[in-house]
Amino acid sequence: SGIEVNGGTESNDLPASNTTITGNIFDMTAVDDEPCARTAIDVSASDVIVGDNQVYVRGVCDPLLVGIKLQDGAMNLNVHDNLLKSCGTAITTQRNQGRIGKVLDSVTFLRKEGLLFPALERRDSHRYRGWNIVWLKNGKADGASVIDCFDPETCCFKLRERRDMKVDDVFDVFPPAGANWNIHNNTITGCLMPVKLDSYGSESSLLTDNIITRGAATGVKTAVEVHGIFKLIDNHVSGFDEESSAAL
């Protein structure tokens, strides 16, 4: 991959934050006969600006390349004025998944060691107060909880209400009202999956004023996929007129 701003942490590590990625050119053309999956810009930390970058592949579209990837749990992201061309996926968002490592009581647990999420947080951070948990069973939702707080000394997560928990229970984590994501004024062309918003999102998650065209790519099923709460405003989407293709 090109640049990773990592919000995940191992034991006793704190996440990255307050980062600007700007003015770069990422030539992600595969150099081997067998291309591998890779990402140009991978962001899972908070307070990050990704602006005025170019991500491209020389020649035909590379289905294994992701241009920009954002992860739930990261807050205050501004992704703007980037040019993404001939990527498999140009811009995508992903959910933030964790797993229980130890249950202390009916409201308190430790995360699984070795997993990057939920990340440890600083003493003066949000400490996950009011964050949402969606419990998963066989890949499907199996109830929801709200985090009361995270203790940075003991690394314990405490729920507001009791729940029957056990080791290796899987869950998604996402912030309460506002993630504050602004994805705007980007130009995306020639990509197999131009935009895939596959995260929970929030009322302050925006996709605005982007230019999204099919370009030379063929077999594009959708220009924009939305699987969460995102506000789509004044985007220009054109060229997705193949049979069985859809703009949204």
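Distance check: Met75 CE to Ser205 OG gives 9.5 Å after rounding to the nearest 0.5 Å. The structure places SG of Cys155 at 7.0 Å from CZ of Arg111, a figure rounded to the nearest 0.5 Å. To the nearest 0.5 Å, the span separating OG1 on Thr187 from CG on Asp81 amounts to 8.0 Å. Separating the OG1 atom in Thr189 from the NZ atom in Lys85 is a distance of 8.0 Å, to the nearest 0.5 Å. How far SG of Cys149 is from CZ of Arg160: 10.0 Å, rounded to the nearest 0.5 Å. With values rounded to the nearest 0.5 angstrom, Leu83 atom CG is found 10.0 Å from Ile211 atom CD1.
A salt bridge links Lys69 to Asp42: at least one charged side-chain nitrogen sits closer than 4.0 Å to a carboxylate oxygen. The residues Asp62 and Arg38 are annotated as salt-bridged, a charged nitrogen and a carboxylate oxygen being separated by less than 4.0 angstrom.
Counting heavy atoms from C-beta outward, Lys221 and Met193 have side chains that stay 4.5 Å or more apart. Counting heavy atoms from C-beta outward, Asn186 and Ile91 have side chains that approach closer than 4.5 Å. The shortest distance between side-chain heavy atoms of Thr222 and Lys196 does not fall below 4.5 Å. Taking the side chain as every heavy atom from C-beta outward, Val224 and Asn235 never approach each other to under 4.5 Å. Side-chain contact between Asp148 and Trp131: absent, with no pair of heavy atoms (C-beta onward) separated by less than 4.5 Å. Looking at Asn138 and Lys140, their side chains never come closer than 4.5 Å, going by heavy atoms from C-beta outward. Between Phe240 and Val220, the closest side-chain pair of non-hydrogen atoms falls below 4.5 Å. Inter-residue side-chain proximity for Asn82 and Asp52 is flagged as unmet; no heavy-atom pair is nearer than 4.5 Å.
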**Prompt:** Passes side chain to side chain contact (heavy atoms under 4.5 Å, CB included), Val50 versus Ile68? Steps please.
**Reply:** CA-CA 9 Å; Val50 180; Ile68 299 174; 4.1 Å; yes
**Request:** Please test Thr92 against Thr89 for side-chain hydrogen bond (donor to acceptor under 3.5 Å, both in side chains), starting from the C-alpha separation and ending with a verdict.
**Result:** CA-CA 7 Å; Thr92 187; Thr89 303; 6.0 Å; no
**Item:** Derivation of the salt bridge (Lys or Arg N to Asp or Glu O under 4.0 Å) call for Asp151 and Lys158
**Value:** CA-CA 8 Å; Asp151 187 336; Lys158 187 174 182 179; over 6 Å; no
**Request:** Apply side chain to side chain contact (heavy atoms under 4.5 Å, CB included) to the pair Val107 and Arg163, showing each step before the final yes or no.
**Result:** CA-CA 6 Å; Val107 295; Arg163 178 175 172 89; over 6 Å; no
**Asked** Stepwise, does the side chain to side chain contact (heavy atoms under 4.5 Å, CB included) test hold for Ile49 with Thr19?
**Response** CA-CA 6 Å; Ile49 297 173; Thr19 303; over 6 Å; no
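Arg127 contributes a side-chain N or O that, together with a main-chain N or O of Phe150, makes up a donor-acceptor pair within less than 3.5 Å. Side-chain atoms of Asn210 come within 3.5 Å of backbone atoms of Thr208 as a donor-acceptor pair (strictly under, hydrogens ignored). In this structure, Asp72 contributes its side chain and Arg95 its backbone to no donor-acceptor pair below 3.5 Å. Ser44 contributes a side-chain N or O that, together with a main-chain N or O of Gly7, makes up a donor-acceptor pair within less than 3.5 Å. Using modelled atom types, no side-chain atom of Ser199 and backbone atom of Gln94 make a donor-acceptor pair closer than 3.5 Å.
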Under 3.5 Å donor-acceptor pairs involving side-chain atoms of residues 164-176, not counting sequence neighbours:
from: Lys166; atom 1: NZ; to: Asp169; atom 2: OD1; distance (Å): 3.1
from: Asp168; atom 1: OD1; to: Lys112; atom 2: NZ; distance (Å): 2.9
from: Asp169; atom 1: OD2; to: Lys166; atom 2: N; distance (Å): 3.0
from: Asp172; atom 1: OD1; to: Gln97; atom 2: NE2; distance (Å): 3.4
from: Asp172; atom 1: OD2; to: Tyr200; atom 2: OH; distance (Å): 2.8

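Considering only residues two or more places apart in sequence or on other chains, Asp209 meets the salt bridge (Lys or Arg N to Asp or Glu O under 4.0 Å) condition with none of them. Not counting sequence neighbours, Thr20 has no partner by the side chain to side chain donor-acceptor pair (under 3.5 Å) test. By the salt bridge (Lys or Arg N to Asp or Glu O under 4.0 Å) test, Asp234 pairs with no residue at all, sequence neighbours left out.
A centroid separation of less than 6.0 Å is found between the aromatic rings of Phe157 and Tyr128.
In the hydrophobic clustering of this structure, Val226 groups with Val79; members are Ile, Leu, Val, Met, Phe, Trp, Tyr whose side-chain heavy atoms approach within less than 4.5 Å, directly or through other members. Val134 and Leu197 fall into different hydrophobic clusters, where Ile, Leu, Val, Met, Phe, Trp and Tyr residues are linked whenever their side-chain heavy atoms come under 4.5 Å apart, directly or through other members. There is a path of hydrophobic side-chain contacts, each under 4.5 Å, that joins Leu232 to Leu77. Side-chain heavy atoms closer than 4.5 Å link hydrophobic residues (I, L, V, M, F, W, Y) into clusters, and following such links, even through other members, never connects Val66 to Phe26. If you chain together hydrophobic residues whose side chains sit under 4.5 Å apart, Ile229 and Val195 never meet in one group.
Using modelled atom types and a 3.5 Å distance limit, the side chains of Thr213 and Ser238 yield no donor-acceptor pair.
For residues 238-248, the set of pairs meeting the salt bridge (Lys or Arg N to Asp or Glu O under 4.0 Å) definition, not counting sequence neighbours, comprises Arg214-Asp241, Arg214-Glu242. Residue pairs that meet the side chain to side chain donor-acceptor pair (under 3.5 Å) test with at least one member in residues 173-184, sequence neighbours left out, are Asn76-Asn180, Asn78-His184, Asn180-Ser204.
Of all non-hydrogen atoms in Ala16 and Ala45, the two that sit nearest each other are O-CB, 3.1 Å. Closest of all the heavy-atom pairs between Ala223 and Val237 is CB-CG1, 3.6 Å. The shortest heavy-atom contact between Ser46 and Gly73 is OG-O, 3.8 Å. Ala40 approaches Leu65 most closely through the heavy-atom pair N-CD1, 4.4 Å. Heavy atoms only, all atoms of each residue included: Gly67 and Leu84 are closest at CA-CD2, 3.8 Å. When all heavy atoms of Cys156 and Leu104 are compared, the pair lying nearest together is SG-CD1, 3.3 Å.
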